[in-house]
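To keep things clear, I will list the structure first and then write my remarks on it.
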There are 2 protein chains.
Amino acid sequence: MFDDKGEKYLDCINNVAHVGHSHPHVIKAATKQMELLNTNSRFLHDNLVQYAQRLTATLPEKLSVCYFVNSGSEANDLALRLARQYHGHQDVITLENAYHGHVTSLIDISPYKFNQLGKDSKKEFVHVAPSPDIYRGKYREDHPDPASAYAEEVKKIIEEAQKNGRKIAAFIAESMQSCGGQVIPPVGYFQKVAEYVRAAGGLFIADEVQVGFGRVGKHFWAFQLQGEDFVPDIVTMGKPIGNGHPMSCVVTTREIAESFGASGMEYFNTFGGNPVSCAIGLAVLEVIEKEDLQGNATRVGNYLLELLAEQKEKHPLVGDIRGVGLFVGVDLVKDQQKRTPATAEALHLIYKLKEHQILLSADGPHRNILKFKPPMCFTMEDAKHVVETIDALLTEMEEATGMKTENNVSTNAQCKRKVCFEFFFNSYSDRCLANQV
Amino acid sequence: MFDDKGEKYLDCINNVAHVGHSHPHVIKAATKQMELLNTNSRFLHDNLVQYAQRLTATLPEKLSVCYFVNSGSEANDLALRLARQYHGHQDVITLENAYHGHVTSLIDISPYKFNQLGKDSKKEFVHVAPSPDIYRGKYREDHPDPASAYAEEVKKIIEEAQKNGRKIAAFIAESMQSCGGQVIPPVGYFQKVAEYVRAAGGLFIADEVQVGFGRVGKHFWAFQLQGEDFVPDIVTMGKPIGNGHPMSCVVTTREIAESFGASGMEYFNTFGGNPVSCAIGLAVLEVIEKEDLQGNATRVGNYLLELLAEQKEKHPLVGDIRGVGLFVGVDLVKDQQKRTPATAEALHLIYKLKEHQILLSADGPHRNILKFKPPMCFTMEDAKHVVETIDALLTEMEEATGMKTENNVSTNAQCKRKVCFEFFFNSYSDRCLANQV
């Protein structure tokens, strides 16, 4: 990316510009179709059919019906409507720290959002399950079977809800939690959750808005990391789907779509599935395949994870490295044992990286997780450059605070460091606001 | 418009292709910006500022804060959130037959949608006011002051709601009801409603998604037809804004925006206000101005209304002609006195027009209102051609059913005609499905 002065930045965060900023093949497809016809979806157009075919070909066979919409929020809202219509149930199970969109119905099911409003902001029909985070969560890497343990938590929630006369419409989760802190659920978790949820008459919604479209490398969809025996009832997709063009999709089974159709209420979306959006969607799929971006995600992702693993050995600030393909999280801690989130440090690092013309973000409930989700054309050299810069900055930060030499930091030392980084925070945040890319 | 065989159709309905299908200036702006940068709105970009300035320049001064989103539905959902945050109230007053979008929160306030689900589908926090329709509504053209009478209905609803301990967050209405049947509210209605709603701590939301952007000709916004003394608290816009590109906007006052900002919950929209959408939005505004499309809407709209008025004199099927600029409705009736909606006849006419390569639609609660909302480059010749074709088809239909010669049609004759048109309906609807443009 280049700023208005022509300065070059390395983009490690833009999962919207999925196949690369301003990809010529995508632009060409968009322009060609805009010159021919762009109209609302009251009119049938071949692009829509072709795109639905190409998209469903990437999914398990039973996920065969597409609804084209304009944003991840519209997609998740529609997914909830499909689920609620299916058995007439209303309640939704969501994960701790989850974010599913900005419209009213999704803020209701997004603890990442509604927790910002303070206590009592959770609606009665919403049930929050523990995030299946084996580094910071209830069951950790030393647990013999965290997948089952986290799934049991969902089972307990269902039983409790049913005791209170409530009925579960859906369990919704990102296939990997992104804003929630780059959390990769243990293999087998989704299968067990799906079993419990379906037994209660609910559906499993896999939110692939941030993590789909080959980002994990060896699979096209992140839910496929759970194994071939797992198929969600509804998959929602968004951000990378149009390389920046506002478009999204919900894919579900014929049975669920027919139940929705039988409600008597027509579904219509003005812009959703218009010929230009579909032409762009097709072009994005073509580029992913033609340029072997999934292969690139695996190769560069693995290399990035290796380089970061070396940093973990070296820097006490690095608590955990997790990732698959070009979805990578670095959990910064003040204390390796206690895993205290290094929030101010993460923010400081982000601002410092920006001075070095590298764009990275920090997220998660404590905003201490460095979040890598670069365009899929990210290279080995890019990975090397960003990790070398992080290495240098972490060394500088640790030296400045004496962290390097104290492995078991006392409470006093922590306080001192906190003050130090809060000062950095204030000074850098002002400059950052005045100087955003 | 051209179908896949190259057949030409006259488009009388596409308010999305506002400045004309595939307008070169809009495509050029889109392509240029796509080649340069398209990214999510975590990054600031001059296009966003320039577009916000140009857009707010079309509005009364106090409407000065823009939120860019991707669809009319996202816009109206956000408008509700702004209104609910403002005083912490929850209830919404909406109009009979209103349609405000397809996401969960908007289906709740859209009788056009929730009535399809049968009785008891109205939520407790929703209050439905009579549509200010002076042809079919409670107070008609012979009433001395329909604006006040309809506004009094809203006042009664507020009083009743307050008696039940409920609190009004907003009154929402399209500035002219489109799906609701091309209804133009009597002048002064909005001022009075706004007074009552604001006194109850609620806000006035003007939904301009279908009717804004100069369609009414002499004003840029349809709410301005009510007079200069009327300023809504929130204006939502959509369909025509990007000539087919998925984009939308909510504009409100600084005070309301600040109250929303103070909630502690960040508003973020991935695609909303991206540099390409803003470049397209700017280009659309430029074309409207440069090609004097508002002037064209006035000139061609007036001519169309004149021509249609002649049809009203001539054809017993034409009950009412109403419109302003290029927003025109033709209310078809089986009986001029009783104003019985001629639903099957309207549908038959639509299908026949399609055979004549003219695209028109029928809408309203009885689907008997011919709905004109053509691209704004619609010409005098286009108007003449469509009205001449309607004239010929109406003559044919009236002759086939003997309607022409019977001005006071008996119940028996009505039945006969109903059968006749239901036959047409079935035969044409099958063909139409197999043969959609």
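First the proteins, then the strands, lettered A, B, ... as listed; each starts at 1.
For A:Ser73, the part lying under 4.5 angstrom from a heavy atom of chain B is the side chain only. B:Asn70 touches chain A through backbone and side chain together, each having a heavy atom under 4.5 Å away. Neither the backbone nor the side chain of A:Tyr112 comes within contact range of chain B; no heavy atoms are under 4.5 Å apart. Only the side chain of A:Ile107 comes within less than 4.5 Å of a heavy atom in chain B; its backbone stays farther off. At a 4.5 Å heavy-atom cutoff, A:Ser361 makes no contact with chain B through either its backbone or its side chain.
Annotation: residues 16-24 of chain B contacts chain A through B:Val16, B:His21, B:Ser22 [non-hydrogen atoms, separation under 4.5 Å]. Contacts from residues 77-89 of chain B to chain A, taken as heavy-atom pairs separated by less than 4.5 Å, involve B:Asp77, B:Arg81 in sequence order.
Checked options A:Phe271, A:Tyr267, A:Phe268; the residue passing with B:His102 is A:Tyr267 (criterion: ring pair (Phe, Tyr, Trp, His ring centres under 6.0 Å)).
How far NZ of A:Lys239 is from OG1 of B:Thr270: 2.5 Å, rounded to the nearest 0.5 Å. A:Met265 contributes atom CE, which lies 9.0 Å from atom OG of B:Ser110 (distance to the nearest 0.5 angstrom). Interatomic distance, A:Asn243 CG to B:Thr39 OG1, rounded to the nearest 0.5 Å: 10.0 Å. How far CD1 of A:Ile27 is from CD of B:Glu35: 5.5 Å, rounded to the nearest 0.5 Å.
For the pair B:His245 and A:Pro246, the minimum side-chain heavy-atom distance is below 4.5 Å. Between B:Met34 and A:Thr31, some side-chain heavy-atom pair lies under the 4.5 Å cut-off. Considering only heavy atoms from C-beta on, A:Phe2 stays 4.5 Å or farther from B:Leu36 through its side chain. You'll find the side chain of A:Ser71 reaches within 4.5 Å of the side chain of B:Glu74, heavy atoms only.
Using a distance-only test at 3.5 Å, with no hydrogens or angles considered, a donor-acceptor pair links the side chain of A:Asn38 to the main chain of B:Gly244.
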- [ ] For side chain to side chain contact (heavy atoms under 4.5 Å, CB included), just list the numbers for A:Phe43 and B:Asp3, CA-CA rounded to whole Å, side-chain angles, deciding distance to a tenth of an Å, and then say yes or no.
- [x] CA-CA 10 Å; A:Phe43 302 89; B:Asp3 70 9; over 6 Å; no
